[in-house]
Each structure stands twice: as C-alpha cells, then as structure tokens.
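Just so it is clear: chains get the letters A, B, ... in the order the sequence lines come, proteins before strands, and each one is counted from 1. Model, not experiment: these values are computed from the prediction. Hydrogens, waters and symmetry mates play no part in the numbers below; they use all other heavy atoms, side chains included.
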Protein chains: 2
Amino acid sequence: MLTTLQATDPGSRLAIGAVAAGVTQMPPKADVLGSLKPLAAIVRFDRDEEIVAQGGKAAYCYLVVSGCVRTVRLSEDGRRQVGEFVFPGELFGWEALDAHDFGAEAVTPVTLHRFARLDFDGLADRDHGFARRLRELTGIQVRAGRDRMFRLGRMSACERVASFLLEMTERMNLVDRPSIELPMCRTDMADYLGLTIETVCRELTQLRRDGTIAVERTKVTILDRRALAAAGCRRVIH
Amino acid sequence: MLTTLQATDPGSRLAIGAVAAGVTQMPPKADVLGSLKPLAAIVRFDRDEEIVAQGGKAAYCYLVVSGCVRTVRLSEDGRRQVGEFVFPGELFGWEALDAHDFGAEAVTPVTLHRFARLDFDGLADRDHGFARRLRELTGIQVRAGRDRMFRLGRMSACERVASFLLEMTERMNLVDRPSIELPMCRTDMADYLGLTIETVCRELTQLRRDGTIAVERTKVTILDRRALAAAGCRRVIH
DNA sequence: CGGACAGTTGAGGCCTATCAATGGTGGTGG
DNA sequence: CCACCACCATTGATAGGCCTCAACTGTCCG
C-alpha cells in the first residue's frame, strides 16, 4: 500500500528484497562480552539436555562457545515451535523479562559461558560500549525475528526450506563452502519452519531431484546456490 | 529486565501458558522518553500515509501519541507481511540498524513524536535508567515477536483470529470493555496473521455464528471471552 | 446516480497435514 | 559378530484447511 517506495536508493531496495526472500542477516560473532568474561561460568550440556526451562526464572543468560542450542516453546496440546537456533559466538536468554518465555535445549553437545543477569545488567550500566553493542544486538535479533515472521506467514513450504538452508550456511559461516553439516534433526527443522517433518523431507527431496542440493542424512551439499535462492517461486505463481 | 522481578511465583508459569495460547504481552505505556521529549518533533500523518519507507535510512524513531501505525514488509512479488501494530505510548523504528527492514504506515490519522536516532543513542549513553528501560522494552518486543512466531507457525486460522482479537483488547487497554473498535481493515489483519482477507472474514463469521462475538464492520463485541480464549481448539483435534 | 472500495459469501482446487508403511542407522546385549 | 530394537528419515495415499477466483452487498463520496 501506499507504495511511494520512493527512493531510498536502488541498492537498499535490493537488500530488503534479499531479506524478504529469506536470506536472513547474520549476527556478528562479536566478543560482546569482553569485560564480562571473568564472571562467566563454563557449563556443558549433552545432546537434548534442557538448559533453561520454559517459564523458568531468568537468572542467567548464555554465550554459546561450541555446539548448537535451540529455543523452544511447547503449548499445552503438544504443539512445538522452535524460536531460534543459537550458534557459537551468539547469546541467548539475555532478553528475557522475569521468566524465560522459551525454553532452551542442546541440539548437540554444547559448551556455554553462563552469566548472571545481574552482572550482565551491571556491566551494561557501567560500560556504554557494552550497552551500545547490546542495543545493536537487539536490532539484529529483532530483525531476524521479522525475517522469520515473513517466512512463517507468507512463504510456501519449499521457500521455507530453501531459505532455511541458506540461512544455515550463513549462520555457520560456511557461505563459501558448498557442503554443510546440519546439527539439528528434521523435527527441529520442521518446528522451526512451522511445517511437519514429512513436508520438510518432501521439499528436500524435491530440491534434490531438481539437482539443487544433495542430501545424505544431516549433510546437505548445495549444488546450485542460485537455484536454491530462487527456489519456491516454482510453486507460488502470482 | 532484571528489575528484581524475580518473583517467579507459580503464576508466571501460567502466564507462559497464556502466552502460548496467543495472549500476547502488552508493552507498558511507560514514558520511556522523559528526558528526551524536549528533542522531539511532533509530526502527523494521514490514513495510509507512509511514515518510513521499507529500506529507508534509519535516521529517526517514533513514539505514537495518538492513532495506530503498522509496520510492513513488501516482497517483490507483492506478498505483504504486517510486522506489528503500534499503539499510543509505544515506540517503533528505534531498533533498526542502518536501514529500516520494515516500512511504517499510518493505519489511522496519527500524531507522533519523532526523535533523531543519534539523540536517542546519546541519551542512552548518558542515562542508565533510560538505557535499562530500553533493554526492558527490547525484551518485551522480542517476546511479542515470539508470540507471533508461534501464532504464524503453529496456529490454525481460527486460533489466529481469536488470539488477535484478544491481543487487540489488551493492546488498546480495553480488556474490561466488551466492545472494541478495530482501527485496521481486514487486509491489514490478514497480512498480520499470515492469512487472506477471505479467511479472516470466514473465521469472524464463524465466531459470530457461535455467539462468541458480534461484528459490525470494524466494531467487534466480545460476547463470550472464555469461548474466544478457547477458540480454535475446535478445529485442531490432536 | 454511479463508481470505487471494503467486506462477505460461495465453489473449487491446491498445498500441506495426517495416517501409515518402509528403509536405514546406531546402539545394546547376547 | 550379529540379532534386535529404537529412532530418524523417507515415501505413499488420503483428507482437509486454507487459498484462489468469483459474485454480491453495503457504504461512502463525487
């Protein structure tokens, strides 16, 4: 509406287009926490272990050192939504209010730095740079959330899966490499994308048959990145 | 956040349940901006007027004084996603990075306070309280985004519409009153909920036939709040 | 009055969920 | 070492929810 999309130079238009197409922004692997590190406890969790409980008191937040974490919400009737996957160098749990609205679980064995939220806020009060980077991080997180909103609200299954694969290559810093090892199982992918496992499988198969990717269990090789980026338009004819 | 709200009493667990059911949290109508107000410019926009362009440079952010604003993303093929509706007392545009990933348009005639992002950041540097409230606001925004994510990814059309109506009564501070005047048209609702206008209509009709609500154009009266809260389970049998 | 527009309702089709069965892999214990 | 089991992934058949296309109504406004 009101498409006076005036201007904003041609470039930015394209950039947004890319985002809308599912290429989500990647958080900078900044050491946001520099001066906080001495206060960190190192904690480890096994695969599928619960790190924070949904509804649990938000006493700590975490920085992923190695491995992969998922945040999850489970509704009473068993429906499950994965909020996000968290990769090394990224934070989670710091934006909670009093309680964690999403739980967190280890997708793979993980090593984490754990910070007391009190220390966290204290540092933000003392250190403007830290507070500023925190606000920047906020922007990144909110933006990522909006990308996912578009994906869930307006993308077909095929597009969701294709954009997911592209997102993962970015998130895992493997843009230049064709092959990625997905840490999460199909169920996690499905609950992240708002689909069923079966549909995720079928779309992967479809992309494989098209010669766009190769799949063997958790390893996905992107054979044709351009086609993957364009994927999904096949079925959505407007 | 971290505001010694550490009273994770039994209630908070329930609260999460309610959130998962689609009752989103309402941002506090705090005057977050106290000391910034002198720097604000007052701006007005007519219905459907563009306030910030999608992809536009993020020079300003806004506080809604009166009226309602929607944030929108438009993809190249015309698909549209409404990111959020912004009501009086709430901010938008402050979390942008370099450019606005969503545009903003006036749903109704609106009056806004406009702030330069630079002033905004400057104040955050000087005023810990402001910075802290900003972080708190972040948490609220991220949480609301997650609620919508669950809605878009895991809720049926009926549930989405029902939870939307409940969200609006909360957002507009009309929880106690049965009748609300929705400021937005069906198209906006549909693009917010990831549905089509027709489906939104049909679900409203269904709720009306059930005796749960009464509808006349933009005015919706909630006849049976309990039934509305439970709505949608009808079609999702697990 | 007529035209534009938002909202509503109906018919039909597609996309995705559901139900079900099979194949493959890893772990465990005989 | 291999049988067995549990679990994940894949594929097929079918059903159903939501979208698409279309027609109609009511309202506003020139």
| request: State whether B/Thr199 places a side-chain N or O below 4.0 Å from either non-bridging phosphate oxygen (OP1 or OP2) of D/dC19. | output: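 Indeed, a polar side-chain atom of B/Thr199 lies that close.
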
Please confirm whether the shortest side-chain N or O distance from A/Arg47 to OP1 or OP2 of D/dC7 is below 4.0 Å.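 Looking at the OP1 and OP2 atoms of D/dC7, neither is under 4.0 Å from any side-chain N or O of A/Arg47.
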
Spacing of [X] atom [atom1] relative to [N] atom [atom2], expressed in whole Å:
X: B/Glu216; N: D/dT27; atom1: CD; atom2: P; value: 11 Å
X: A/Leu182; N: D/dC8; atom1: CG; atom2: P; value: 16 Å
X: B/Leu207; N: C/dT9; atom1: CG; atom2: P; value: 13 Å
X: A/Gln206; N: D/dA9; atom1: CD; atom2: C1'; value: 17 Å
X: A/Met155; N: C/dC15; atom1: CE; atom2: C1'; value: 17 Å
X: A/Asp48; N: C/dG27; atom1: CG; atom2: P; value: 14 Å
X: B/Arg208; N: C/dT8; atom1: CZ; atom2: C1'; value: 9 Å

Worksheet item: Are the charged groups of B/Arg226 and B/Asp224 less than 4.0 angstrom apart, N to O?
Response: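 Salt bridge flag = no for B/Asp224 with B/Arg226.
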
| Less than 4.0 Å between a side-chain N and a carboxylate O, is that true for B/Asp147 and A/Arg73? |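 Yes.
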
query: Taking the side chain from B/Arg225 and the backbone from B/Leu166, do they hold a donor-acceptor pair closer than 3.5 Å?
result: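 Not a single qualifying donor-acceptor pair exists.
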
*Is the Lys NZ or Arg CZ of A/Arg171 less than 6.0 Å from the centre of A/Phe85's six-membered ring, within 45° of the axis?*
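The answer is no, since A/Arg171 fails at least one limit relative to A/Phe85.
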
### Message
Could you tell me if B/Arg70 sits above the aromatic ring of B/Tyr192, with its cationic atom closer than 6.0 Å to the ring centre and no more than 45 degrees from the axis?
### Response
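No cation-pi geometry.
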
message: Categorize B/Arg160 for me: base, sugar-phosphate, or nothing, with a 4.0 angstrom heavy-atom threshold over every strand shown.
response: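 Nothing, no nucleic acid heavy atom in range.
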
query = Does anything in residues 56-80 of chain A pair up under ring-ring contact (aromatic ring centres under 6.0 Å, His included), and if so which pairs, sequence neighbours excluded?
reply =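 Those involving residues 56-80 of chain A are A/Tyr62-A/Phe92.
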
Flag for [Y]-[X]: side-chain donor and acceptor within less than 3.5 Å:
X: B/Arg44; Y: B/Thr111; answer: yes
X: B/Ser156; Y: B/Glu159; answer: yes
X: A/Glu181; Y: A/Thr218; answer: yes

Notebook entry, point to check: Between A/Ala157 and A/Glu203, which heavy-atom pair has the shortest distance, and what is it?
Noted result: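 Looking at all heavy atoms of both residues, the shortest contact is CB-OE2, 3.8 Å.
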
Please evaluate the base of [N] for a donor-acceptor partner in the side chain of [X] within a cut-off of under 3.5 Å?
X: B/Arg202; N: C/dG7; answer: no
X: A/Arg217; N: C/dG26; answer: no
X: B/Arg209; N: C/dT8; answer: no

If you check every side-chain atom of B/Ser156, which of C/dG7, D/dC8, D/dC18 has the closest atom?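 Of C/dG7, D/dC8, D/dC18, D/dC18 is nearest to the side chain of B/Ser156.
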
So if I take the C1' atoms of five pairs at each end of the helix from C/dC1-D/dG30 to C/dG30-D/dC1 and get each local axis, what angle do the two axes make, rounded to 10 degrees?
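About 30° separates the two local helix axes.
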
Practice problem: Strictly below 4.0 Å, heavy-atom distances to any atom of DNA chain C: list the hits from residues 184-198 of chain A, or just say none. | Solution: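 Residues of residues 184-198 of chain A under 4.0 Å from DNA chain C: A/Gly194, A/Leu195, A/Thr196, A/Glu198.
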
- Message: Both A/Arg154 and A/Thr218 contact DNA chain D. Which one's nearest nucleotide lies toward the 5' end?
- Response: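 Closer to the 5' end of DNA chain D: A/Thr218.
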
